[in-house]
Amino acid sequence: MTFDLASRLAARRAEHLYRQRPLLQTPQGPDVMVDGERLLAFSSNDYLGLANHPEVIAAMQQGAAKWGVGGGASHLVIGHVTPHHELEEALADFTGRPRALLFSTGYMANLAAVTALVGQGDTVLEDRLNHASLLDAGLLSGARFSRYLHNDAGSLGKRLDKAVGNTLVVTDGVFSMDGDLADLPAICAEARQRDAWVMVDDAHGFGPLGAAGGGVVEHFGLGIDEVPVLVGTLGKAFGTAGAFVAGSEALIETLIQFARPYIYTTSQPPAVACATLKSLELLRRENWRREHLNRLIARFRQGAAEIGLSLMDSPTPIQPILVGSSERALKLSAVLRERGLLVGAIRPPTVPAGSARLRVTFSAAHSEAQVERLLDILAECWNRLAEEPETDA
Ligand SMILES: *Cc1c(COP(=O)(O)O)cnc(C)c1O
């Protein structure tokens, strides 16, 4: 019989890889109701606490009152509305680039940029820990596709030596499951020697990183010459939805002309762009959010080291605790939940086999007391888990 879905699903369960969606019954924030339980959450990507900000909500309400709800058509037909255009201009200013192009999701922005820039006869080189959307984009492009060792400019260099055609080097700015930064100075230097272009997807860097929230490129002081293709997403620190690609006039016009994931889809609701204009303003202006967040991160790392947790080399709000097997990660996540904490277990294939982890994330909306509570409960649960033997491979 074809399509034996039941046994596929059963196998998934047996491997401790079955996914379930927690049902969120309140807005994003530290204190949430999930599946009927009140929990303290350390699992969203709303790093600056803007997803439920009153001014952002008001901007969206006013936007809907003024512009209606639906985008109505694709950007090239009659769906490119004034707030979309204003947001593109504001994002170009924010990133210090000639232009920016708005997308409905980061997944689509990545598919669009990679497939518009490389195709058959070209080469795309990606960090092996890149976000799934970037890997999918590389495969879809039809270019020769190769993954280099994580953050390893030497491994990239060897592949650049064999590259053919237009060559695009693609990396996350902040690795979404590890929280570490791409070694962009080294990666850009390798690419430049071989006339390759660098594309950075900084979904998790915009907002938390850089003095004004300009992300990993601001952090390293890199411009359009080093990173010609810069992608940001709006559903994380911006607290809204959508994504953008920022770059030269020619890059943006190329995407408008040739990128199918841009052309063949309805524009995002204009009110969402109104909300993002407001959240961009808050993100740029309210430095206290970044400062508070950095204090929480530093306190967590210090406390976690005292407990003996294995953290990763992350200066960002993504602070994974390495656990190992999927079963143990699920167990730790479950005992934390019994104590009122929501922290997601991240398992293969999202992360490499044997590196299942709890992905703790912080937000400027968390208080110091909430971080202390997390550390107290982690200390108890970690010690309990350490006493239990591993039962799976
Ligand atoms: C979340 C994420 C995306 C996808 O963005 P969406 O707007 O959620 O589709 C792309 N790249 C990275 C690195 C991400 O973390």
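Atoms within a ligand are numbered from 1 in the order they appear, just like the ligands themselves. Atom set for the values below is all heavy atoms of this structure, side chains included, hydrogens, waters and symmetry mates excluded.
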query: Charged N to carboxylate O under 4.0 angstrom, E15 versus R347?
result: no
Basic-acidic side-chain contact under 4.0 Å: D178, R357: yes
message: I'd like the residue list for ligand 1, meaning every protein residue with a non-hydrogen atom under 4.0 Å from the ligand.
response: T105, G106, Y107, N110, H131, S133, D172, S176, D201, A203, H204, T233, K236, G242
statement: So the salt bridge (Lys or Arg N to Asp or Glu O under 4.0 Å) pairs with at least one residue in residues 55-64 (sequence neighbours excluded) are E55-K278
- request: Kindly give the cluster partners of L24, where membership spreads through any ILVMFWY side chain lying under 4.5 Å from a current member.
  value: V32, V34, L39, L342
- request: State whether E89 and R99 are salt-bridged, where the test is any N-O pair (Lys NZ or Arg NE/NH1/NH2 against Asp/Glu carboxylate O) under 4.0 Å.
  value: no
Which residues share a ring pair (Phe, Tyr, Trp, His ring centres under 6.0 Å) with F220, sequence neighbours left out: none
